[in-house]
Amino acid sequence: MSILITNATLLTMDERLGVLAPGAVWIEGERIAALGPAARLEEQRAAAQTVIDAAGRLVMPGLICAHTHFYGALARGMALPGDPPANFGQILERLWWRLDKALDAPDIDLSVRVCLIDAIRHGTTTLLDHHASPNAIDGSLDIIAEAVRSAGLRAGLCYEVSDRDGPAIARAGMRENERFARRLARAPDPHLGAVFGLHASLTLSAETLAHCAGLAADLGVGCHIHVAEGEIDVQDSLMRYGCRVVQRLVAAGILGDRAIAVHAVHLDAAEHDLLATTGTAVVHNPRSNMKNGVGTADVPAMLARGILIGLGNDGFSNNMFTEMHVAYLLHKHARADPRALPADQLLRMAFEHNARIAARAGLPAGLGVLRPAAPADLILVNHTPITPLHAQNAPWHVLFGLDGSGVDTVIVGGRVLMRGGILQTMDEAAVAAQAREAAARLWKRIV
């Protein structure tokens with residue numbers, strides 16, 4: 001498939017955060033073949049199988065979510081009996097650890113499809129998922145993978161190993177991670193990647209950590225794990241193991257230059273140093289941290305320390321524009337300093353850093369940028385600038401002028417997934433109807 005997108009304003013998200021208008025992009029197969037002034041690329045029009053007139057819309061790389069949970073989608077609006085959870089531990093025990101145990105294969109499939117529709121609609125083209133379904137583990141990653149491939153998106157997948165449901169289920173989670181990683185090693189797929197999933201220090205024994213670290217090393221994949229999300233994780237590690245969470249995970253071989261540490265809220269300076277020296281990547285999830293009342297990760301300090309830190313949503317909506325908006329405001333508020341986490345630094349987290357983290361999950365290099373030879377993952381967004389737009393101020397236009405609701409067209413690997421706001425690969429109404437019925441049944445099993 002060859003596609004010419006013309007009459008566009010290009011936001012390249014490369015090192016220069018370049019802006020080009022009127023610009024054009026030429027796509028051959030799954031990659032960007034060329035981009036530049038529209039007048040120069042117009043000569044390709046006759047050879048293009050598809051021509052998209054952007055009508056001045058912004059063309060930018062598809063957004064990346066470096067940490068999410070597809071499995072939680074059917075919990076939206078579900079009422080729990082009794083008083084609302086008062087702390088993070090109660091949220092885990094009364095909501096998420098009850099929900100995940102109730103999931104069956106059809107629930108998993110619908111949860112994923114709901115999230116993928118939401119992602120396409122909001123211009124999120126790559127997602128790193130962290131799955132849990134203790135009573136439906138075997139083959140669960142294949143269910144997710146099939147939905148992702150059918151939708152046309154990209155995803156890095158893993159199963160969340162935990163001892164919280166007993167050793168047999170922990171072993172089954174390890175087997176699912178291993179099986180899926182070996183599947184992709186035998187038959188690589190540019191739309192799918194694998195890492196080794198673990199829940200968090202507080203639900204993982206020393207024996208399980210050692211086994212997971214060994215399997216991940218044998219498979220040649222990194223570990224994707226929640227780290228010090230709540231104080232409960234720190235307290236558990238100190239009480240049972242006499243060290244802080246990052247110290248424990250580094251010593252166990254879980255963290256390192258292929259690892260993805262999620263949240264990293266309750267860390268001290270020594271743990272920041274360990275993350276930096278081991279090359280561990282961190283994923284910040286501001287909306288989730290605020291909703292759960294767990295605190296604010298010191299993202300500016302970690303960035304200053306040279307830690308690779310990206311942006312995820314932890315299962316919130318897949319509008320990553322909103323996640324950027326919240327992160328931009330949160331750190332200024334938390335530090336009482338309007339200079340904290342400026343827009344250009346935040347965009348590098350959301351695009352460059354998230355692309356590097358996605359590569360750790362086995363997804364193609366070169367995501368998150370418009371340049372020749374990069375994967376053709378891009379979006380067209382409605383935006384009429386009311387002030388001059390150029391490379392020096394583009395990040396502020398993105399944060400103050402764009403939202404996922406303005407996404408018009410989505411292309412992944414040269415395949416059009418949405419055009420003019422109309423989904424091309426998924427039946428949104430049918431999925432929503434099926435999800436409503438499945439959610440009603442699921443809620444009865446939980447409450």
Nearest heavy-atom pair of Asp165 and Lys101: which atoms, and what distance? OD1-NZ, 3.3 Å
Is the shortest side-chain heavy-atom distance between Leu442 and Asp104 below 4.5 Å? no
Nearest 0.5 Å, please: how far is CD1 in Ile3 from CD in Glu28? 10.0 Å
Under 30°, 30 to 60°, or over 60°: which ring-plane class applies to His69 and Tyr71, parallel, tilted or perpendicular? perpendicular
Measuring from Ser111:OG to Leu99:CG, what's the distance to the nearest 0.5 Å? 7.5 Å
Please walk me through it: do Ser201 and Arg248 pass side chain to side chain donor-acceptor pair (under 3.5 Å)? CA-CA 8 Å; Ser201 174; Arg248 180 177 185 233; 2.8 Å; yes
So CG of Leu92 and CG of Leu95: to nearest 0.5 Å the spacing works out to 8.5 Å
Just by distance, no angles: are the side chains of Thr124 and Asn318 close enough, under 3.5 Å, to form a donor-acceptor pair? no
Reference residue Val283; test side-chain contact (heavy atoms from CB on, under 4.5 Å); the match among Ile260, Leu128, Thr68: Ile260
Could you tell me whether the side chain of Arg348 and the main chain of Glu15 form a donor-acceptor pair under 3.5 Å? yes
Pairs where residues 104-126 contributes a residue and the test ring pair (Phe, Tyr, Trp, His ring centres under 6.0 Å) is met, not counting sequence neighbours: none
In terms of heavy-atom contacts, Ser405 and Asn319 come closest through N-ND2, 4.3 Å
Can you list the steps and then say if Thr296 with His333 is a side chain to side chain contact (heavy atoms under 4.5 Å, CB included)? CA-CA 10 Å; Thr296 303; His333 175 73; over 6 Å; no
Please set out all donor-acceptor pairs under 3.5 angstrom arising from side-chain atoms of residues 80-90, sequence neighbours excluded.
{"unit_1": "Asn87", "atom_1": "OD1", "unit_2": "Gly89", "atom_2": "N", "d": "3.2"}
{"unit_1": "Asn87", "atom_1": "OD1", "unit_2": "Gln90", "atom_2": "N", "d": "2.9"}
{"unit_1": "Gln90", "atom_1": "OE1", "unit_2": "Ala86", "atom_2": "N", "d": "2.7"}

Going through the checks in order, is the side chain to side chain contact (heavy atoms under 4.5 Å, CB included) test met by Leu11 and His397? CA-CA 11 Å; Leu11 298 184; His397 272 270; over 6 Å; no
Less than 4.5 Å apart, side chain to side chain, heavy atoms only: is that true for Phe351 and Ile64? no
So Val398 and Met13, do their side chains get closer than 4.5 Å, heavy atoms only? yes
Does any part of the side chain of Ile307, heavy atoms only, come nearer than 4.5 Å to the side chain of Thr280, both counted from C-beta? no
Please report the closest heavy-atom contact between Gly253 and Ala213, naming both atoms and the distance. O-CB, 3.9 Å
Without swapping roles, check the side chain of Asp427 against the backbone of Ala430 for a donor-acceptor pair under 3.5 Å. yes
Could you walk me through whether His272 and Asp298 pass the side chain to side chain contact (heavy atoms under 4.5 Å, CB included) check? CA-CA 10 Å; His272 286 173; Asp298 197 346; 4.2 Å; yes
Is the backbone N or O of Ala228 less than 3.5 Å from a side-chain atom of Asp233, with the two atoms forming a donor-acceptor pair by type? yes
Shortest non-hydrogen contact from Val59 to Leu370? O-CD1, 3.5 Å
No-hydrogen, no-angle side-chain donor-acceptor test under 3.5 Å, His284 and His353: no
Quick test of your reading of the model: are Asp138 and Arg179 salt-bridged, counting only N-O distances below 4.0 Å? no
Sub-3.5 Å donor-acceptor pair from the side chain of Asp14 to the main-chain atoms of Val369, do we have one? no
Check: Thr125 and Leu417 side chains under 4.5 Å, non-hydrogen atoms: no
Which distance, rounded to the nearest 0.5 Å, do you find between the CZ of Phe70 and the CG of Leu127? 4.5 Å
Tell me whether the centres of the aromatic rings in His199 and Trp96 are closer together than 6.0 Å. no
Considering only heavy atoms from C-beta outward, does the side chain of His325 approach that of Asp403 to under 4.5 Å? yes
Within the 4.5 Å heavy-atom criterion, are His331 and Arg335 side-chain neighbours or not? no
Can a salt bridge be assigned to the pair Arg445 and Asp107 using a cut-off of 4.0 Å between side-chain N and carboxylate O? yes
Is Arg164 salt-bridged to Glu93, cutoff N-O under 4.0 Å? no
Donor-acceptor check, side chain of Arg154 to backbone of Pro190, threshold 3.5 angstrom: yes or no? yes
Looking at Glu146 and Arg149, does any basic side-chain N land under 4.0 Å from a carboxylate oxygen? no
Mind listing the closest non-hydrogen atom pair of Tyr159 and Ser140 along with its distance? CD1-OG, 3.9 Å
Return yes if some donor-acceptor pair links the side-chain N/O of Thr126 with the main-chain N/O of Ala155 below 3.5 Å, else return no. no
Exam field: side chain Ser237 to backbone Cys243, donor-acceptor pair closer than 3.5 Å: yes
Donor-acceptor contact present, side-chain His266 to main-chain Ile232, <3.5 Å: no
What are the two closest heavy atoms between Asn354 and Gly310, and how far apart are they? OD1-CA, 3.1 Å
Less than 4.5 Å apart, any side-chain heavy atom of Asn285 and any of Phe316? no
Please check if the side chain of Asp163 supplies one atom and the backbone of Ser205 the other of a donor-acceptor pair under 3.5 Å. yes
His263 and His67: side chain donor to acceptor below 3.5 Å: no
Take Arg360 and His224 through the side chain to side chain contact (heavy atoms under 4.5 Å, CB included) test and state the conclusion after the steps. CA-CA 10 Å; Arg360 293 188 178 208; His224 184 170; over 6 Å; no
Electrostatic pair Arg287-Asp314, nearest N-O below 4.0 angstrom: no
Are the side chain of Glu428 and the backbone of Ile117 linked by a donor-acceptor contact shorter than 3.5 Å? no
Report the distance from atom CG of Asp344 to atom CG of Leu17, rounding to the nearest 0.5 Å. 7.0 Å
Separation between NE2 (His131) and CG (Asp129), nearest 0.5 Å, reads 7.5 Å
